[in-house]
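Quick notes on the structure that follows.
For the numbers below, each heavy atom of this structure counts, side chains included, while hydrogens, waters and symmetry mates do not.
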Amino acid sequence: MDPSLELQSLVDIYDQPFLMVDRNHRVVAVNQAFAKAYGVSIEDAVGRPCYALHGRHPTPFPCASDRNKCPFVSLFGQRESKTVVHEYRDAEGRGHAVRVHAYPLGASRGSTLLGELIERDGARFHPADGRDSSGGFSMVGASRMFLDTLERLRRAGASGAPVLLQGPTGSGKELAAAYVHRHSARNGRPFITLDCTALSEELFESEVFGHTRGAFTGSTREKAGLYEMADGGTLFLDEIGEMPLPLQAKLLRVLESGTFRRVGATRTRRADVRIISASNRQLLDVPWFRSDLYYRVACLTVNMPSLAQRREDIPMLADELLGRISSGAGRDYRIDPSGLERLLAYDFPGNIRELRNVLWVAAANAPGGLISAAEVAAALP
């Protein structure tokens with residue numbers, strides 16, 4: 001049998017994009033799914049360097065030589081399987097994250113080939129890819145820092161352990177929490193958010209643990225609390241560092257035991273809840289935050305980058321945000337190169353939230369729908 005036909009039959013077994021690469025970085029086979037997803041014919045792909053394929057990250061040199069994560073060295077050096085995160089561009093040029101699973105494959109005459117299975121990541125790199133659990137803004141980015149953070153979030157999701165997300169206000173911690181939930185064994189179960197800045201001590205127990213009818217003035221019916229509603233799923237404690245000290249003790253008790261009582265009840269209830277917390281502070285530096293609670297919620301810590309740290313993601317973020325603004329306004333808003341240049345020159349201390357607000361104002365001042373540097377400058381503080 002023709003070896004090339006044999007390899008083609010092997011790669012075509014896979015429904016997801018798949019390719020084989022030899023020790024010289026040359027592609028020896030790709031399947032139909034890869035060709036369709038990344039806008040390249042099988043004939044044009046075979047024989048080309050893997051790093052130069054359209055739809056990947058076209059460069060004149062291998063990924064590893066530019067300090068990018070690449071499975072090539074590990075696989076051919078130690079014959080070890082490797083999984084990395086990369087940015088790809090599809091046939092329409094839209095960026096998205098993929099997980100590249102690489103495996104050593106035996107070939108004729110004892111040679112080894114690298115087999116790559118390409119799995120589209122759940123991260124949102126383009127408006128068409130879907131939304132977060134609330135139907136809101138998606139996680140968007142393609143910078144190395146963003147991709148590395150995304151990989152840490154995915155690993156945190158798979159672990160099942162409590163996760164602490166630390167990062168500046170507006171950096172997307174709630175979206176990151178929803179991403180961790182979606183990539184966990186609890187996906188499909190409730191994802192409940194508790195804003196720790198919004199509850200007084202008087203309301204905390206009722207809102208979090210629920211209450212019985214007649215437990216206090218105005219409680220005319222029995223009500224389940226947020227912790228109980230999250231049973232089997234995830235409870236996201238947003239800005240946990242702002243929680244008053246007396247409430248921390250109450251929260252710690254239920255996290256330690258998994259048991260609680262509704263206000264006014266004598267019956268003890270139990271719920272299986274995973275905790276994801278977020279803070280815009282370094283919790284260990286917050287003098288009023290209990291250390292025992294910290295170690296209960298911070299088994300895994302993921303630091304969320306500021307927008308200034310991933311400035312190269314601003315064009316993609318602006319495109320996503322303007323798509324949402326356009327959808328809500330019923331008209332098309334776009335940003336021209338001068339407007340984008342003005343955005344890139346600004347530090348955005350308010351991060352993605354501030355970028356969204358700037359674009360809202362700029363769009364309101366762009367009656368023709370095209371946002372230039374003048375509209376951006378007028379919207380900046």
Side-chain angles (χ1 to χ4, degrees), residues 97 121-125 130-143 145-184 186-187 190-199 208 226 230 233-243 248 251 255 273-286 289 293-294 296-311 313-314 316-317 320-321 324 347-357:
D121 200 293
R124 276 45 174 173
F125 278 75
R131 302 292 167 187
D132 66 20
S133 58
S134 64
F137 181 52
S138 304
M139 293 189 73
V140 173
S143 65
M145 178 165 284
F146 178 80
L147 294 178
D148 287 346
T149 302
L150 207 66
E151 180 64 8
R152 288 193 289 274
L153 292 172
R154 177 183 279 272
R155 291 176 182 173
S159 74
V163 178
L164 173 63
L165 305 171
Q166 294 189 143
T169 299
S171 58
K173 295 188 290 295
E174 184 168 1
L175 289 176
Y179 183 87
V180 171
H181 174 72
R182 287 196 301 271
H183 289 82
S184 74
R186 298 174 184 265
N187 184 30
F191 176 80
I192 305 294
T193 296
L194 170 62
D195 183 355
C196 295
T197 67
L199 293 180
V208 177
L226 297 178
T234 300
L235 179 62
F236 173 50
L237 304 173
D238 197 12
E239 296 305 344
I240 191 174
E242 306 304 316
M243 181 179 287
Q248 294 177 36
L251 177 64
L255 296 186
V273 178
R274 184 190 192 179
I275 299 298
I276 301 177
S277 306
S279 176
N280 60 10
R281 305 167 180 259
Q282 294 292 319
L283 284 184
L284 283 176
D285 297 333
V286 178
F289 198 82
L293 180 56
Y294 172 82
R296 184 64 183 80
V297 301
C299 293
L300 296 172
T301 300
V302 179
N303 293 313
M304 299 296 296
S306 67
L307 188 52
Q309 291 175 298
R310 43 181 290 226
R311 192 181 299 272
D313 290 331
I314 288 177
M316 197 177 293
L317 285 161
E320 165 85 349
L321 288 163
R324 288 182 54 76
D347 284 338
F348 286 102
N351 297 290
I352 300 170
R353 189 174 298 157
E354 184 180 11
L355 173 62
R356 178 194 61 192
N357 293 344

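- Closest of all the heavy-atom pairs between Leu153 and Ala176 is CD1-CB, 3.8 Å.
- Note that the CG atom of Leu293 and the CG atom of Leu255 stand 6.5 Å from one another [nearest 0.5 Å].
- The side-chain heavy atoms of Val286 and Tyr294, taken from C-beta on, include no pair separated by under 4.5 Å.
- No donor-acceptor distance shorter than 3.5 angstrom exists from the side chain of Glu354 to the backbone of Gly170, with no hydrogens or angles considered.
- Of all the heavy atoms in Ser277 and Phe236, the pair that sits closest is C-CE1, 4.1 Å.
- The closest donor-acceptor contact from the side chain of Arg274 to the backbone of Gly157 lies under 3.5 Å.
- Taking the six-membered ring where tryptophan is involved, the planes of His181 and Phe191 are tilted, since the angle between them lies from 30° to 60°.
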> Would Phe289 and Ile240 satisfy side chain to side chain contact (heavy atoms under 4.5 Å, CB included), going step by step from the backbone distance to the final call?
Replying inline: CA-CA 9 Å; Phe289 198 82; Ile240 191 174; 4.0 Å; yes
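- Side-chain contact between Leu237 and Leu251 is present, with at least one heavy-atom pair separated by less than 4.5 Å.
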>> Could you go through His183 and Asn187, starting from their C-alpha distance and side-chain angles, then the distance that decides it, and tell me whether this counts as side chain to side chain contact (heavy atoms under 4.5 Å, CB included)?
In response: CA-CA 7 Å; His183 289 82; Asn187 184 30; over 6 Å; no
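- The shortest heavy-atom contact between Ser159 and Leu300 is OG-CD1, 3.0 Å.
- Listed here is the closest heavy atom pair of Cys299 and Ala161: CB-CB, 4.1 Å.
- Residues Ile352 and Leu175 fail the side-chain proximity criterion, which asks for heavy atoms closer than 4.5 Å.
- A distance of 11.5 Å separates CG in Leu194 from CD in Glu239, rounded to the nearest 0.5 Å.
- Side-chain contact check for Val140 versus Asp313: every heavy-atom pair is 4.5 Å or farther apart.
- In terms of modelled atom types and a separation under 3.5 Å, the side chain of Asn351 and the main chain of Ser306 share no donor-acceptor contact.
- Of the inter-residue distances, the one linking Leu165 atom CG with Tyr179 atom OH reads 13.0 Å to the nearest 0.5 angstrom.
- A distance of 7.0 Å separates CZ in Arg310 from CE in Met304, rounded to the nearest 0.5 Å.
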>> Walk me through whether Glu320 and Arg324 qualify under salt bridge (charged side-chain N to carboxylate O under 4.0 Å, His left out).
In response: CA-CA 7 Å; Glu320 165 85 349; Arg324 288 182 54 76; 6.0 Å; no
> Should Thr234 and Val180 be marked as a side chain to side chain contact (heavy atoms under 4.5 Å, CB included) after you check the CA-CA gap, both sets of side-chain angles, and the distance that decides it?
Replying inline: CA-CA 10 Å; Thr234 300; Val180 171; over 6 Å; no
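- Interatomic distance, CG of Asn303 versus CD of Gln309, reported as 9.0 Å (0.5 Å rounding).
- Every residue two or more places apart in sequence or in another chain was checked for a salt bridge (charged side-chain N to carboxylate O under 4.0 Å, His left out) with Asp238, and none qualifies.
- Using a distance-only test at 3.5 Å, with no hydrogens or angles considered, a donor-acceptor pair links the side chain of Lys173 to the main chain of Pro168.
- For the atom pair Ile276 CD1 and Thr193 OG1, the distance stands at 9.5 Å (nearest 0.5 Å).
- In this structure, the side chain of Asn280 does not engage the main chain of Thr169 through any donor-acceptor pair within 3.5 Å.
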